[in-house]
Amino acid sequence: MLGAFRSALATPDLRRKILFTLGMVVLYRLGATIPSPGVSYPNVQQCYQELQGSQSVFSLLNLFSGGALLQLSVLSLGIMPYITASIIIQLLQVVIPRFEQLKKEGQSGQAKLTQYTRYLAIALAVLQATGIVALAERGQLFPNCTADVIPDSSVLNLITMVLVMTAGAALLMWMGELITERGIGNGMSLLIFTSIAARIPAEGGKIMQTHGGLVFGVVCAFAVVIIATVVYIEQAQRRIPVQYAKRMIGRRMYGGTSTYLPLKVNQAGVIPVIFGSSLLYLPQLLGQLAGNQDSWWARFIQTYIVDPSNWVHILLYMAMIVFFAYFYVSITFNPEERADEMKKFGGFIPGIRPGRPTAEYLSFVLSRITLPGSLYLGIIAILPNFFLGLTGQGGNQNFPFGGTAVLIMVNVGLDTVKQIESQLTQRNYEGFLR
């Protein structure tokens with residue numbers, strides 16, 4: 001990997017792309033530290049420090065924003081509105097025939113879907129910014145803090161904050177697309193990667209100060225083992241052999257080649273973990289918006305659903321990840337479409353008849369490999385719950401040495417390295433003769 005980066009820096013075109021990507025990342029982290037207008041920066045910092053180590057409904061969003069959400073910065077929403085909009089549009093492609101038709105139209109249809117995703121992301125950013133500002137103004141964003149984070153609670157000031165946060169989310173969308181076009185890797189994924197990586201030094205320093213070097217070393221050793229396991233399983237795939245029949249077109253013979261259809265063990269990626277963690281924190285968010293925190297229902301949610309050290313939370317989290325893994329794979333991978341495409345181009349699986357038997361075989365194999373993939377996602381996601389008992393951290397999603405953080409960072413890192421290597425291969429192709 002280091003050799004690929006060294007070769008990339010030696011190539012002028014790739015060096016410009018890497019420097020452009022780093023420049024965008026620096027601008028993003030700079031904007032994440034600028035407070036929104038109308039926010040008292042000293043009071044926000046005081047409340048943010050008091051909130052550290054406690055469970056928060058916004059732990060996952062705060063992790064994806066690199067700590068900018070709970071500091072009410074200009075870019076506090078991060079890239080999550082766009083990610084949520086992308087997932088919704090992708091799910092709607094199965095439900096709405098118009099979206100499914102656009103998906104099949106190629107590049108022009110994909111451009112339309114991207115435009116719809118942007119509009120939906122702006123709408124979600126407005127809703128999310130309104131909710132965050134309302135909770136901050138009521139004092140529910142930092143429940144145990146007495147400092148006033150928004151001294152001026154006039155309607156004009158609150159509307160200004162919502163508009164600024166929404167504009168920040170739109171700016172991040174634009175920056176992510178610029179990185180994708182002119183930089184290296186997927187821009188949206190790299191921005192999330194940067195946000196999570198920005199939390200690692202602070203969390204590591206906190207463990208070092210609180211529990212000493214021995215516990216810190218144990219956590220780092222486990223983190224290395226987890227990362228190696230994630231890399232191994234993310235690269236694992238079931239290769240189904242596909243044979244293409246020979247066809248005579250004019251005077252030329254086509255086909256007759258052998259290839260394979262790769263089915264990843266983790267076909268769903270990190271989406272089931274995001275779905276599961278978001279739904280687990282949804283009851284607490286609704287309770288905070290309702291404002292009734294003393295009812296038996298609110299206490300039950302706080303004790304059994306939100307508390308990451310509770311076994312009910314762990315088992316429910318695991319079950320939701322397994323369910324969403326099967327659900328998302330069934331939506332994104334259609335065995336009947338794959339079988340029809342193979343039959344259209346003269347392809348078949350050896351020993352399996354084309355058409356419906358091929359679709360049934362692909363569905364059977366996919367259901368078998370999804371089970372270990374979903375269990376792997378669940379185990380990696382709940383590992384921070386056990387680390388928290390060792391380190392005394394609070395909020396399982398705010399711990400960047402495992403769970404969602406490691407899954408996202410490893411996937412983005414592998415994808416970026418693959419893109420760099422592919423571009424290096426295009427520019428420095430070595431033939432058989434040297």
Side-chain angles (χ1 to χ4, degrees), residues 20-36 58-91 113-133 161-200 269-275 277-278 281 397-398 400 403-416 419:
F20 178 81
T21 303
L22 292 177
M24 284 294 179
V25 168
V26 171
L27 289 177
Y28 167 50
R29 293 310 306 162
L30 179 63
T33 60
I34 300 175
S36 298
F58 299 104
S59 298
L60 179 63
L61 296 177
N62 190 57
L63 175 64
F64 286 158
S65 65
L69 174 66
L70 294 180
Q71 299 186 48
L72 298 177
S73 69
V74 174
L75 303 180
S76 58
L77 298 183
I79 204 66
M80 280 307 294
Y82 184 84
I83 299 298
T84 307
S86 301
I87 295 173
I88 293 175
I89 294 296
Q90 191 172 10
L91 295 178
L113 291 175
T114 302
Q115 196 69 18
Y116 293 155
T117 304
R118 293 169 184 165
Y119 293 148
L120 182 58
I122 295 297
L124 292 175
V126 172
L127 292 177
Q128 187 175 333
T130 304
I132 292 172
V133 172
M161 291 181 60
V162 171
L163 292 178
V164 169
M165 290 183 179
T166 305
L171 177 64
L172 280 185
M173 278 196 298
W174 178 67
M175 291 173 62
E177 292 178 358
L178 280 182
I179 293 175
T180 304
E181 294 176 3
R182 304 181 183 180
I184 291 292
N186 184 283
M188 307 299 177
S189 301
L190 282 175
L191 292 179
I192 296 181
F193 178 92
T194 305
S195 301
I196 297 175
R199 298 290 303 159
I200 292 181
V270 76
I271 300 299
V273 181
I274 297 178
F275 278 3
S277 57
S278 301
Y281 282 121
Q397 297 297 340
N398 203 28
T404 313
V406 168
L407 289 171
I408 292 177
M409 293 184 67
V410 170
N411 277 293
V412 175
L414 290 175
D415 181 64
T416 305
Q419 289 198 25

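These figures come from a predicted structure and were not determined experimentally.
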Straight-line distance of [X] [atom1] to [Y] [atom2], nearest 0.5 Å:
{"X": "Leu120", "Y": "Ile89", "atom1": "CG", "atom2": "CD1", "value": "5.0 Å"}
{"X": "Met80", "Y": "Leu124", "atom1": "CE", "atom2": "CG", "value": "10.0 Å"}
{"X": "Leu22", "Y": "Leu27", "atom1": "CG", "atom2": "CG", "value": "11.0 Å"}
{"X": "Ile34", "Y": "Leu75", "atom1": "CD1", "atom2": "CG", "value": "7.5 Å"}
{"X": "Thr194", "Y": "Met409", "atom1": "OG1", "atom2": "CE", "value": "9.0 Å"}
{"X": "Leu77", "Y": "Leu127", "atom1": "CG", "atom2": "CG", "value": "11.0 Å"}

### Task
Decide yes or no on side chain to side chain contact (heavy atoms under 4.5 Å, CB included) for Thr416 and Phe193, but give the supporting numbers first.
CA-CA 11 Å; Thr416 305; Phe193 178 92; over 6 Å; no
Closest heavy-atom pair and its distance - [X], [Y]:
{"X": "Met173", "Y": "Ile79", "answer": "N-CD1, 4.1 Å"}
{"X": "Ala121", "Y": "Tyr82", "answer": "CB-CA, 3.7 Å"}
{"X": "Ser36", "Y": "Ser73", "answer": "OG-O, 3.0 Å"}
{"X": "Val126", "Y": "Val162", "answer": "O-CG1, 4.2 Å"}
{"X": "Met175", "Y": "Met24", "answer": "CE-O, 3.3 Å"}
{"X": "Ile184", "Y": "Thr21", "answer": "N-OG1, 3.1 Å"}

### Query
Can you check side chain to side chain contact (heavy atoms under 4.5 Å, CB included) on Ile271 and Phe275, steps first, answer last?
CA-CA 6 Å; Ile271 300 299; Phe275 278 3; 3.9 Å; yes
### Message
If you apply the rule side chain to side chain contact (heavy atoms under 4.5 Å, CB included), what do you find for Leu171 with Val74, and how did you get there?
### Response
CA-CA 10 Å; Leu171 177 64; Val74 174; over 6 Å; no
### Message
Would you say that Asn186 contacts Val412 through its side chain, given a criterion of any heavy-atom pair below 4.5 Å between the two side chains?
### Response
no
### side chain to side chain contact (heavy atoms under 4.5 Å, CB included) between Leu407 and Val273, intermediate numbers included
CA-CA 9 Å; Leu407 289 171; Val273 181; 3.8 Å; yes
### Query
Counting N and O atoms only, with roles assigned by atom type, does the side chain of Thr180 sit under 3.5 Å from a partner on the main chain of Gly187, one being a donor and the other an acceptor?
yes
